Structures are given as structure tokens and as C-alpha cells.
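Take a look at the structure below.
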Amino acid sequence: MKLGREQAEVVALEALAFLALESDRLARFLSQTGAGPEQVRDLYSDPEFLAGVLDHILSDETLLVAFIGERGLDPMLPAAARRELPGADAEA
């Protein structure tokens with residue numbers, strides 16, 4: 001599955017919205033990134049931050065399954081989106 005950069009950013013924004021729907025999910029993400037709510041508002045359009053959102057989702061299988069299930073997404077979509085954002089392994 002190949003996505004463009006814009007599509008990848010949309011998937012990452014969906015992942016961020018998914019995290020924000022539950023305070024525990026968002027708190028865990030913020031704790032792991034060291035970001036505060038104000039920073040999220042400032043960084044939500046930064047491709048590197050969005051890459052971090054997808055990294056977070058992809059690092060937790062339970063979270064990943066919940067995300068794709070709630071959004072009705074192809075299970076390969078989050079990883080495909082991650083490959084299009086900064087810091088992705090070119091071999092992945």
C-alpha cells in the first residue's frame with residue numbers, strides 16, 4: 001500500500017483524534033512524548049509530530065487494533081502512512 005504525504009498526514013490526524021477521544025489514551029501519549037496539551041495544538045500540523053503519533057499507535061498492538069477497528073481502516077494503513085512521514089526507515 002502506497003500513500004502520498006498528504007494522505008499519511010490525514011491518517012496521523014485521525015490517530016491523534018482517536019487518542020484525544022479518551023483522556024487516558026491522550027494522557028499516556030502526552031506522558032511518553034513529554035508534550036503538553038498546548039504543544040499538541042501548536043504541533044498538530046508538524047509532520048515530525050504526526051510521525052510520533054503514528055509511532056505511538058504502532059508501538060502498542062492493543063491500541064493499534066482499537067484504532068483500526070473504531071475507524072474501520074485497513075490494518076496496513078497506519079504503517080503505510082508512517083512510511084511517508086519523516087524519520088521512517090527507507091527499507092520499511
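The residues of the chain are indexed from 1 along the displayed sequence. All figures in this text were calculated on a predicted structure; none of them were measured in a lab.
- Nearest heavy atom pair, residue Ala51 against residue Pro86, reads CB-O, 3.5 Å.
- The two residues Ala81 and Ala8 make their nearest non-hydrogen contact at O-CB, 3.3 Å.
- The side chain to side chain donor-acceptor pair (under 3.5 Å) contacts involving residues 61-70 comprise Arg25-Glu70, where partners must be two or more places apart or lie in separate chains.
- Among residues two or more places apart in sequence or in another chain, the side-chain contact (heavy atoms from CB on, under 4.5 Å) test is passed with Asp24 by none.
- Hydrophobic clustering places Ile57 together with Leu13 (ILVMFWY residues linked when any side-chain heavy atoms are closer than 4.5 Å, directly or through intermediates).
- The two residues Val53 and Ala12 come nearest to each other via the heavy atoms CG1-O, 3.7 Å.
- Ile68 CD1 to Asp74 CG: the interatomic distance, rounded to the nearest 0.5 Å, is 8.0 Å.
- The structure places CG of Asp55 at 11.5 Å from OG1 of Thr33, a figure rounded to the nearest 0.5 Å.
- Residues meeting the side chain to side chain donor-acceptor pair (under 3.5 Å) test with Asp46, sequence neighbours left out: none.
- Taking the side-chain contact (heavy atoms from CB on, under 4.5 Å) definition, one finds that Pro37 meets it with Leu30, Arg41, sequence neighbours left out.
- Of all non-hydrogen atoms in Leu3 and Ala80, the two that sit nearest each other are CD1-C, 4.0 Å.
- In plain terms, the two heavy atoms of Gln39 and Gly34 that are nearest each other are OE1-O, 3.8 Å.
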Leu19 and Leu63: side-chain contact (heavy atoms from CB on, under 4.5 Å), yes or no, with the steps? CA-CA 9 Å; Leu19 293 173; Leu63 193 60; 4.0 Å; yes
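- A ring pair (Phe, Tyr, Trp, His ring centres under 6.0 Å) check over residues 57-86, counting only residues at least two apart or in different chains, returns the pairs Phe18-Phe67.
- Atoms CD and CD, from Glu84 and Glu9 in turn, are 10.5 Å apart once rounded to the nearest 0.5 Å.
- Here the shortest heavy-atom pairing between Pro75 and Pro78 reads O-CD, 3.6 Å.
- Listed by chain and number, the residues in a side chain to side chain donor-acceptor pair (under 3.5 Å) with Gln7 amount to none (sequence neighbours excluded).
- Partners of Arg71 by side chain to side chain donor-acceptor pair (under 3.5 Å), not counting sequence neighbours: none found.
- Counting only residues at least two apart or on different chains, the ring pair (Phe, Tyr, Trp, His ring centres under 6.0 Å) pairs with a member in residues 33-53 are Phe29-Phe49.
- In this structure Ala27 satisfies the side-chain contact (heavy atoms from CB on, under 4.5 Å) test with no other residue, sequence neighbours excluded.
- Residues forming a salt bridge (Lys or Arg N to Asp or Glu O under 4.0 Å) with Glu14 (at least two apart in sequence, or on another chain): none.
- Interatomic distance, CG of Leu50 versus CZ of Arg82, reported as 10.0 Å (0.5 Å rounding).
- Taking CG of Leu16 as the start and NE2 of His56 as the end, the distance is 10.5 Å to the nearest 0.5 Å.
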